[in-house]
Amino acid sequence: SAFSIDKRAISWKVLKAKHNITSFSGTARSNGLIPTRVEMTTRSSPRRVIQVITDMANYKQWVPYCKTSFLVQKPSDSVFYGYQRVSAPLVKDRDVAIRCTVRKLVGESYELFIEAVPTFVKMESGAIRIQYLETHYRIYQDAASVTHIIQVSEVDIGGSIPHFLLNWLN
């Protein structure tokens with residue numbers, strides 16, 4: 001299922017751990033993509049975390065280098081389509097149209113699946129369209145009312161990236 005977070009056998013290497021956030025890099029897969037994983041905790045409720053993640057209009061407030069973001073369509077309470085454009089230094093802008101599906105599990109537990117839907121929104125000029133993106137979130141609250149967020153992502157940003165920048169990112 002699309003919600004099988006981190007089901008594949010991936011070896012994870014810790015990149016950084018600071019302030020209740022730990023980031024990991026996974027082993028390269030046969031398609032050449034390197035998965036990433038972030039685990040964090042917060043005192044915000046799982047419902048509030050879901051509200052932030054699904055608020056496309058405000059992605060530019062917390063997604064690094066996000067220049068534009070907006071909700072395209074919301075066909076139901078559990079599915080929405082959005083758009084964002086990222087303008088990072090040293091590389092050509094990227095844009096992505098996404099579909100986000102939210103699934104409520106037991107209690108205050110949720111899973112989100114975000115995937116690229118490249119033809120859903122007209123491509124903006126001057127940007128490279130991201131064709132492949134998968135992000136899985138698992139969000140749950142423990143007995144101490146601490147919310148745990150686990151995010152696993154794979155993305156092919158397309159185009160060419162300078163080698164020194166790829167090395168720096170990894």
Side-chain angles (χ1 to χ4, degrees), residues 1-10 12-26 33-88 94-121 124 129-157 169:
S1 115
F3 292 102
S4 57
I5 189 168
D6 202 18
K7 196 174 183 180
R8 297 166 282 215
I10 298 173
W12 297 102
K13 178 179 97 180
V14 174
L15 296 175
K16 192 173 188 177
K18 189 176 181 181
H19 305 298
N20 300 329
I21 301 172
T22 305
S23 60
F24 304 83
S25 177
L33 298 179
I34 298 173
T36 59
R37 178 180 177 120
V38 177
E39 297 180 8
M40 63 190 91
T41 58
T42 181
R43 287 287 178 182
S44 297
S45 71
R47 192 170 309 202
R48 179 67 186 131
V49 172
I50 296 294
Q51 287 173 337
V52 170
I53 294 170
T54 59
D55 182 4
M56 281 299 297
N58 284 309
Y59 267 36
K60 51 190 166 296
Q61 302 300 317
W62 61 277
V63 174
Y65 307 112
C66 185
K67 181 171 148 179
T68 306
S69 62
F70 55 86
L71 177 69
V72 175
Q73 188 180 75
K74 189 171 181 177
S76 71
D77 286 341
S78 62
V79 176
F80 78 85
Y81 293 84
Y83 172 86
Q84 63 179 300
R85 182 172 178 151
V86 176
S87 184
R94 300 314 197 255
D95 76 345
V96 63
I98 63 162
R99 174 178 38 239
C100 177
T101 306
V102 180
R103 185 168 77 169
K104 188 169 186 341
L105 304 173
V106 294
E108 283 297 303
S109 298
Y110 297 85
E111 285 185 327
L112 276 81
F113 178 62
I114 299 173
E115 63 186 320
V117 284
T119 59
F120 196 76
V121 176
E124 283 193 27
R129 174 60 49 102
I130 293 175
Q131 300 291 315
Y132 176 79
L133 163 77
E134 282 191 6
T135 299
H136 303 251
Y137 285 91
R138 174 153 306 175
I139 301 160
Y140 65 93
Q141 197 168 54
D142 65 20
S145 296
V146 174
T147 298
H148 298 258
I149 305 160
I150 302 167
Q151 175 206 29
V152 177
S153 294
E154 284 185 345
V155 62
D156 181 350
I157 63 171
L169 291 171

**Request:** Please lay out, stage by stage, how V146 and R43 fare under the test side chain to side chain contact (heavy atoms under 4.5 Å, CB included).
**Result:** CA-CA 5 Å; V146 174; R43 287 287 178 182; 3.6 Å; yes
**Request:** To the nearest 0.5 Å, tell me how far Q51 CD sits from S45 OG.
**Result:** 7.0 Å
**Request:** Can you measure from SG (C100) to CG (L71) and round to the nearest 0.5 angstrom?
**Result:** 10.5 Å
**Prompt:** Looking only at heavy atoms, what is the nearest atom pair of I150 and Y140, with distance?
**Reply:** CD1-CE2, 4.3 Å
**Minimum-distance pair of heavy atoms, taken over all atoms of V117 and I98** = CG2-C, 3.7 Å
**Request:** Determine, step by step, whether W62 and D55 satisfy the side chain to side chain contact (heavy atoms under 4.5 Å, CB included) criterion, reporting the C-alpha distance in whole Å, the side-chain angles of both residues, the deciding distance to 0.1 Å, and the verdict.
**Result:** CA-CA 11 Å; W62 61 277; D55 182 4; over 6 Å; no
**Prompt:** Which value, rounded to the nearest 0.5 Å, describes the distance between I53 atom CD1 and N58 atom CG?
**Reply:** 13.5 Å
**Request:** Take V49 and Y137, measure what side chain to side chain contact (heavy atoms under 4.5 Å, CB included) needs, and give me the verdict at the end.
**Result:** CA-CA 11 Å; V49 172; Y137 285 91; over 6 Å; no
**Request:** Could you check if a side-chain atom of L112 sits within less than 4.5 angstrom of a side-chain atom of H136, using non-hydrogen atoms only?
**Result:** no
**Message:** Counting C-beta onward and ignoring hydrogens, is there a side-chain heavy-atom pair between I139 and T147 closer than 4.5 Å?
**Reply:** yes
**Asked** Is the shortest heavy-atom distance from the side chain of N20 to the side chain of M40 under 4.5 Å?
**Response** no
**Request:** Kindly compute the distance separating CD (E115) from CG (L133), expressed to the nearest 0.5 Å.
**Result:** 9.0 Å
**Complete:** Between D142 and H148, the two heavy atoms sitting closest are OD2-NE2, 2.8 Å
**Asked** Heavy atoms, side chains only, cut-off 4.5 Å: are F70 and M56 in contact?
**Response** no
**Request:** State, yes or no, whether a side-chain contact exists between T54 and Y59 at a heavy-atom distance under 4.5 Å.
**Result:** no
**Item:** Interatomic distance, C66 atom SG to R94 atom CZ [nearest 0.5 angstrom]
**Value:** 14.5 Å
**Request:** For the residue pair E108 and R47, establish whether any side-chain heavy-atom pair is separated by less than 4.5 Å.
**Result:** yes
**Message:** Students often mix this up, so state it plainly: with edges at 30° and 60°, are the rings of Y81 and F120 parallel, tilted or perpendicular?
**Reply:** parallel
**Prompt:** Just how far is it from atom CD of Q141 to atom CD1 of I149, taken to the nearest 0.5 Å?
**Reply:** 11.0 Å
**Prompt:** Is there a donor-acceptor pair under 3.5 Å between the side chain of R37 and the backbone N or O of G26?
**Reply:** no
**Prompt:** Heavy-atom count around D77 CG within 6.0 Å, excluding the residue itself: above 12?
**Reply:** no
**Request:** Tell me, with the steps shown, if F113 and E134 meet side chain to side chain contact (heavy atoms under 4.5 Å, CB included).
**Result:** CA-CA 7 Å; F113 178 62; E134 282 191 6; 4.0 Å; yes
**Message:** Do T135 and Q151 have side chains that approach each other closer than 4.5 Å (heavy atoms only, starting at C-beta)?
**Reply:** yes
**Item:** Option from K67, Q84, R85 for which side-chain contact (heavy atoms from CB on, under 4.5 Å) with D95 holds
**Value:** R85
**Request:** Quick one: closest heavy-atom pair of S69 and A57, and the distance?
**Result:** OG-O, 3.6 Å
**Backbone of V38 reached by a side-chain donor or acceptor of S23 within 3.5 Å** = no
**Prompt:** Do the non-hydrogen side-chain atoms of F24 and P35 ever get within less than 4.5 Å of each other?
**Reply:** no
